[in-house]
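Beneath this line is the structure, given in structure tokens, with notes to follow.
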Amino acid sequence: MSTQQPEETEPEEQLDSALVTARRQLERAATHVDVDDGVIERLKHPTRVERVSVPLERDDGSVEVFTGYRAQHDDVRGPYKGGLRYHPEVNADECIGLSMWMTWKCAVMDLPFGGGKGGISIDPKSLSDDEKERLTRRFAEELRYVIGPTTDVPAPDMGTDAQTMAWFMDAYSMQQGETIPGVVTGKPPVIGGSYGRGEAPGRSTAIIAREAVDYYGEDLEDTTVAVQGFGSVGANAARLLEEWGADVVAVSDVNGAIYDPDGLDIESIPTHEEEPEAVMQQDAPETLTNEEVLELDVDVLIPAAIGNVITADNADDIAADVVVEGANGPTTFAADTILEERGVPVVPDILANAGGVTVSYFEWLQDINRRKWSLEEVNAELEEKMLDAWNEVRAEVEGKDLSWRDAAYVVALSRIAEAKATRGLWP
Ligand code: GLU
């Protein structure tokens, strides 16, 4: 029998669920804003969480049952709004935490929506197209009684896309007996989707990165950027920042990162949607791991892949001058504190990637009004909404000497609390 002792290792940070992080952020932000304790307590809990079983007939004829969720956090300002994700780690707590972030995101942007989020616990890579369609149609049917264009409006998120939304809208509409495009956003333009919706979260992330660079007195032409993730957020943000003159020196996908200190040719790299996992197939002077890309000494770091990537374990090694969150929840609460102590500003997800839900709002307006906006109109309105929100958050940063995250929460919470106070608690 071996008597060897297990090797001593540094204790790693236990990664919090999105719900724990969201609640901690809320408690912290509540100390900076004059909002009734009862409102804060209420906002720690979702209105409801629908949990459904989604049976799927596989292509080989066998049947598997998956679990789906829809968390509806708060609707004081309007219908619940937020994505549906297909990912193995989807569970009730994750959906609740993400739905809370949607409530704040819609309020920061001053959109007439509350927060929702849902999804199915499944690996989307394990699905054929036909299986994904059957799963989505059945999921739409299971959620039919809790969603609708004036109650709860889903959208794409990780593992779902415009085609997924098209199937979802079709299944819902067929059961309701009429075409109801406003039940989901992020659809293809041919069936009521908005031009510019696909690239919107990346566009807003780029706009906010551009404003942050300017705020800290730098010139975008002299700025280096590293982007983790090359899906709809990361790739579109990288492309726009390159177009606006920045040097994007590193980008990554699940397989790793490519790095060129003189700047990559971003336009030539296919996005995940155009060709999955193409990043590492490009020629570049150096390759890095996904962890290394976060620690590059760049002006701007954009984590735009998954949550919980900047943690207490690597926060001390983040060498960027500013972090702009493209993904939802990429920074843990502990890492946030370390970065703040180190003086590294973190511009939060609920502001930076809010272009997605903002163009979703434009899409919903187009759907219920039965009219179409041009791409130019969408991008001009998005630019205006992003600058308004940026200026409102910046005023809190400067006026109350807050972090960007706390300032964004203050803007959001003030609006939500005022709406709750004005409507009152009933009965
Ligand atoms: N899933 C996206 C987000 O996290 C968009 C939600 C929406 O458009 O409703 O912001």
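We use all heavy atoms of the structure for the numbers below, so side chains are in, but hydrogens, waters and symmetry mates are not.
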Report, one line per pair, each donor and acceptor closer than 3.5 Å where one atom sits in a side chain of residues 419-427; sequence neighbours left out.
residue, atom, partner, partner atom, Å
Lys420, NZ, Asp74, OD1, 2.6
Thr422, OG1, Glu418, O, 2.6
Arg423, NH1, Val76, O, 3.1

Please list every donor-acceptor pair under 3.5 Å in which a side-chain atom of residues 161-171 meets a protein atom from a residue at least two apart or in another chain.
residue, atom, partner, partner atom, Å
Asp161, OD1, Gln163, N, 3.2
Asp161, OD1, Thr164, N, 3.0
Asp161, OD1, Thr164, OG1, 2.7
Thr164, OG1, Asp161, N, 2.9
Thr164, OG1, Asp161, O, 3.4
Trp167, NE1, Glu133, OE1, 3.4
Asp170, OD2, Arg137, NH1, 2.7
Asp170, OD2, Arg137, NH2, 3.2

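Residues satisfying the side-chain contact (heavy atoms from CB on, under 4.5 Å) test with Arg144, not counting sequence neighbours, are Glu141, Tyr172, Gln175, Gln176. Applying the side-chain hydrogen bond (donor to acceptor under 3.5 Å, both in side chains) criterion to Glu243, with sequence neighbours excluded, gives no partner residue. Here Thr31 pairs with nothing under the side-chain hydrogen bond (donor to acceptor under 3.5 Å, both in side chains) rule; sequence neighbours left out. Arg58 meets the side-chain contact (heavy atoms from CB on, under 4.5 Å) test with Leu56, Asp60, Ser62, Glu64, Phe66, Ser126, Leu127, Glu131; sequence neighbours excluded. Under the ring-ring contact (aromatic ring centres under 6.0 Å, His included) criterion, Tyr259 pairs with no residue at all, not counting sequence neighbours. Taking the ring-ring contact (aromatic ring centres under 6.0 Å, His included) definition, one finds that Tyr215 meets it with Trp404, sequence neighbours left out. Residues meeting the ring-ring contact (aromatic ring centres under 6.0 Å, His included) test with Tyr86, sequence neighbours left out: none. Listed by chain and number, the residues in a ring-ring contact (aromatic ring centres under 6.0 Å, His included) with Trp364 are Phe113 (sequence neighbours excluded).
Residues Ser121 and Glu89 bring no donor and acceptor atom of their side chains to less than 3.5 Å of each other. Judged purely by distance below 3.5 Å, without hydrogens or angles, the side chains of Asn290 and Gln228 pair a donor atom with an acceptor atom. Side-chain contact annotation: Gln366 with Arg371, donor-acceptor N/O pair under 3.5 Å absent. Side-chain contact check for Asp93 and Ser17: no donor-acceptor pair (N or O, by modelled atom type) lies under 3.5 Å. Under the 3.5 Å distance criterion, with hydrogens and angles disregarded, a donor-acceptor pair is assigned to the side chains of Trp101 and Gln25. Side chains of Tyr80 and Thr47: a donor on one and an acceptor on the other come within 3.5 Å. A side-chain donor-acceptor contact under 3.5 Å links Asp299 and Thr224. With hydrogens and angles left out, the side-chain atoms of Tyr409 and Trp104 include a donor and acceptor closer than 3.5 Å. In this structure, a donor-acceptor pair under 3.5 Å is present between the side chains of Thr185 and Lys81.
Using a 4.0 Å cut-off between charged nitrogen and carboxylate oxygen, Arg70 and Glu142 do not count as a salt-bridge pair. At a threshold of 4.0 Å, the pair Arg85-Glu94 counts as salt-bridged, since one of the basic side-chain nitrogens sits closer than that to a carboxylate oxygen. Salt bridge absent: Arg23 and Asp16 never bring a charged side-chain N and a carboxylate O closer than 4.0 Å. Residues Arg405 and Glu396 are not paired through a salt bridge, judged by the lack of any N-O separation under 4.0 Å between the basic side chain and the carboxylate. Ion pairing between a basic and an acidic side chain is recognised when a charged N comes within 4.0 Å of a carboxylate O; Lys187 and Asp367 show such pairing. Ionic pairing of Lys372 and Glu377 is not present here: no N-O contact between side-chain nitrogen and carboxylate oxygen is shorter than 4.0 angstrom. With respect to Lys400 and Asp406, no salt bridge is recorded, no charged nitrogen being found less than 4.0 Å from a carboxylate O. Salt-bridge formation is detected for the pair Lys44/Glu27: a Lys NZ or Arg NE/NH1/NH2 atom is positioned less than 4.0 Å from an Asp or Glu carboxylate oxygen.
Side-chain contact between Val233 and Asn236: absent, with no pair of heavy atoms (C-beta onward) separated by less than 4.5 Å. Annotation: side chain of Ile302 is in contact with side chain of Val225 (closest heavy-atom distance under 4.5 Å).
Within 6.0 Å of CE in Met280 there are more than 12 heavy atoms belonging to other residues, nucleotides or ligands. Residue Asn369 places its CG atom among more than 12 non-hydrogen atoms of other residues, nucleotides or ligands, all under 6.0 Å distant.
Considering OH of Tyr361 and OG1 of Thr358, their distance stands at 10.0 Å, rounded to 0.5 Å.
Judged by distance alone, with hydrogens and angles left aside, the side-chain atoms of Glu398 form no donor-acceptor pair with the main-chain N or O of Ala395 at under 3.5 Å.
Residue pairs that meet the salt bridge (Lys or Arg N to Asp or Glu O under 4.0 Å) test with at least one member in residues 190-199, sequence neighbours left out, are Glu199-Arg203. Judged as a salt bridge (Lys or Arg N to Asp or Glu O under 4.0 Å), the pairs with a partner in residues 112-122 (not counting sequence neighbours) are, in order, Lys117-Asp157.
Taking every heavy atom of both residues into account, Gln281 and Glu275 meet most closely at OE1-OE2, 3.6 Å. What you find for Val65 and Ser53 is that their closest heavy atoms are CG1-CB, 3.8 Å.
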